[in-house]
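Letters A, B, ... are given to chains in the order of the sequence lines, protein chains preceding strands, and every chain is numbered from 1.
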Number of protein chains: 2
Amino acid sequence: MATIKDVAKLAGVAISTASYALNNSAKISAATRKKVEEAARSLNYQKNGFASDLKRTQTKTIVLILSDLSGPYYSELIKGVQEVTSANGYDLIACSSIGGQQSTAVKFLKEKRADGVVVLAHNITDEVILDSARPDFPIVVLDRNLQHDHVIQVEVDNTEGARMATNYLLDRGMKEIAYISGPNNSHDNERRLSGYREALEKRHVPFSSRLKISGDFTRDSGYFSTKMLIAQQHLPEAVFFANDEMAIGGLQAFAEKGIRVPDDISVIGFDDIQLSEYVSPPLTTIRQPKYEAGALAVHLIFQVLAGEKVEDHYNLSTELIERSSVKNHSYSR
Amino acid sequence: MATIKDVAKLAGVAISTASYALNNSAKISAATRKKVEEAARSLNYQKNGFASDLKRTQTKTIVLILSDLSGPYYSELIKGVQEVTSANGYDLIACSSIGGQQSTAVKFLKEKRADGVVVLAHNITDEVILDSARPDFPIVVLDRNLQHDHVIQVEVDNTEGARMATNYLLDRGMKEIAYISGPNNSHDNERRLSGYREALEKRHVPFSSRLKISGDFTRDSGYFSTKMLIAQQHLPEAVFFANDEMAIGGLQAFAEKGIRVPDDISVIGFDDIQLSEYVSPPLTTIRQPKYEAGALAVHLIFQVLAGEKVEDHYNLSTELIERSSVKNHSYSR
DNA sequence: CTGTTAGCGCCTTCAG
DNA sequence: CTGAAGGCGCTAACAG
């Protein structure tokens, strides 16, 4: 690998001159620049990115941490992140947090290999984030509640969304509503559960722990939870799945048992993933403003990078998407 | 940010001692090591990744270049890449090639910011790849044909897949088969088209350019191409979409016009993306061994990193997935 | 406009 | 086992 030294030597100039020329500094004559450029080309010179990062102390990149690169992303969210990042002339790289403390993600966080990071990976511990947060290193978390001076929290209003979902069912006369939950350690799940319980309570419908079944946000867990539900003697009138993936698994379980949705039972999901529109029946669900969340996250990073003050908590609201998985027998109201 | 120097000073040892201690070198006494570790902790020391990369010249990371981080990936492929990478103790990062020559992707390629790279991004030019290829920098391309000593090509057998698709239709007595193509500059598309033409030719079915409509692999283009097809007076018996995304767009166009699939027209896709199973009707398509392709790609990278010799071209075969979008009126054969 | 020079933070011989 | 010193490749004052 040729270094800038070689280029300078070949071009017959000083190293700094070569560096300036290669970095399009204004203070180099066209002739010298050309000479340097030719030397560089002929040596097939490529600068060593690490060396220049080391000097610059600025990477011009922001990293997005995902729990699984191949996972069912919120691709809209990523798009938001991506667009805002590149609109600001920054690079975006994504890395996965698989592997716990040894993961690439943790390395990026701890070693500050980027100018800012957005986290959407439940398997990154709060501790790592807290450890890494520093005044000049903005971290925005999209998936948890974290109080710290230098971490910013962007959250969609899960509680309100769950309340909407539950009320929608309640409004249609259903009272027995099962809740298939996400993993217990999930902040999102916890908020959704409390939205569900609040809505029930407000209408004086008792919460029954028999109707709360634990899943883990995967399609399979939705499938098996639903099987369990079916195995109980008595089917509820509706089921609220804490996310769409599980709802889709649930739909499959119902289909296999010949239970018709929404005629025999209503189902509602949460997230509005792409698939939801295509399953049968199309899933009624709560949409999260995913693009907005991603875009806002990066926006905030740039604001703090620019030395501006920002809030440490943002709340985005959800929307109910009405499709065909909920039976409509609301006659009056 | 505390540096190793600060740690050494606080621990009352030399810098090198601190470095050794922190890197678990054998030649440090337990007592000293403990002292150093404590100093590091109390200073909240984090090593500067760039500086150490600069020295080490090895990054222990491989990068996956995607045309669009939020795009409809082949998540199976990514999973293959991810698993093999982490099984080898390497980090994986993904970056997008949006932005052409200024993209993060190009930077990674040219500046050798990783030990190896796998490319799945049609918008990266061959030239950039060729420029970056070096004996010690394995690049494997999954989406193009590229002859170069230091780039490895893994490819699924698009031609054979397209041939299978076409024959499947032909076998069912259909002769008028439209082909909705991908972008002209796509290598995959080109191979699929030629598989289609070969199959036709072999059965002495004339190729009609009227039946070849240009799309660009997006759902929208499938939708609009199909509209164009419908607008022509006479509907063919079947249409072969060069990928599933377009087929799904096509299905929608047919549905809007009240044209029933497969009763009025048969459709077949290519890729077998996740959605294909869920659309209505479920799409018959050609599955690519995506996980295998991704896993193989990274495998090969590690082989060359280990100094082993590898082929420069690998071909993976496809499989026909029979679902319900093709009418079955094959009586005999 | 160009060359000299001093580090960026870390790792690693090489002597003690 | 430890300390001093050199250097990875590049950038950015600072002088000419």
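- A/I98 pairs by the side chain to side chain contact (heavy atoms under 4.5 Å, CB included) definition with A/D68, A/S96, B/Q82, not counting sequence neighbours.
- The side-chain hydrogen bond (donor to acceptor under 3.5 Å, both in side chains) search around A/E308 returns A/Q303, not counting sequence neighbours.
- Atom CD in A/Q58 sits about 11 Å away from atom P in D/dA12, given to the nearest Å.
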Quick one: which protein N/O atoms are closer than 3.5 Å to N/O atoms of nucleotides 9-11 of chain C? Pair and distance per line, please.
{"residue": "C/dC10", "atom": "OP1", "partner": "B/Y45", "partner atom": "OH", "Å": "2.8"}
{"residue": "C/dC10", "atom": "OP1", "partner": "B/N48", "partner atom": "N", "Å": "3.1"}
{"residue": "C/dC10", "atom": "OP2", "partner": "B/I4", "partner atom": "N", "Å": "2.5"}
{"residue": "C/dC11", "atom": "OP1", "partner": "B/R56", "partner atom": "NH2", "Å": "3.4"}
{"residue": "C/dC11", "atom": "OP2", "partner": "B/S19", "partner atom": "OG", "Å": "3.3"}

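- The backbone N or O of A/N185 sits nowhere less than 3.5 Å from a side-chain atom of A/N189 that would complete a donor-acceptor pair.
- Residues satisfying the side-chain hydrogen bond (donor to acceptor under 3.5 Å, both in side chains) test with B/N158, not counting sequence neighbours, are B/D188, B/R192.
- Applying the side-chain hydrogen bond (donor to acceptor under 3.5 Å, both in side chains) criterion to A/H187, with sequence neighbours excluded, gives A/N145, A/E155.
- For the pair B/S29 and D/dC1, the criterion of a side-chain N or O lying under 4.0 Å from OP1 or OP2 is not met.
- Between B/K112 atom NZ and D/dC8 atom C1' the separation is 14 Å, expressed in whole Å.
- For the pair A/D53 CG and D/dA12 P, the interatomic distance rounds to 12 Å; values are reported in whole Å.
- With sequence neighbours excluded, the residues that form a side chain to side chain contact (heavy atoms under 4.5 Å, CB included) with B/D6 are B/A2, B/T3, B/L43.
- Two end axes, each from the C1' atoms of five base pairs, can be drawn for the helix from C/dC1-D/dG16 to C/dG16-D/dC1; they diverge by 40°, to 10 degrees.
- Between the NZ atom of A/K35 and the C1' atom of C/dG3 there is a distance of 13 Å, rounded to whole Å.
- A/D143 meets the side-chain hydrogen bond (donor to acceptor under 3.5 Å, both in side chains) test with no other residue; sequence neighbours excluded.
- As rounded to whole Å, 11 Å separates atom P of D/dT2 from atom OH of B/Y20.
- Atom pair B/K9:NZ and D/dA4:P shows a separation of 13 Å (rounding to whole Å applied).
- For residues 122-141 of chain A, the side-chain hydrogen bond (donor to acceptor under 3.5 Å, both in side chains) pairs, not counting sequence neighbours, are A/S97-A/N123, A/D126-A/R144.
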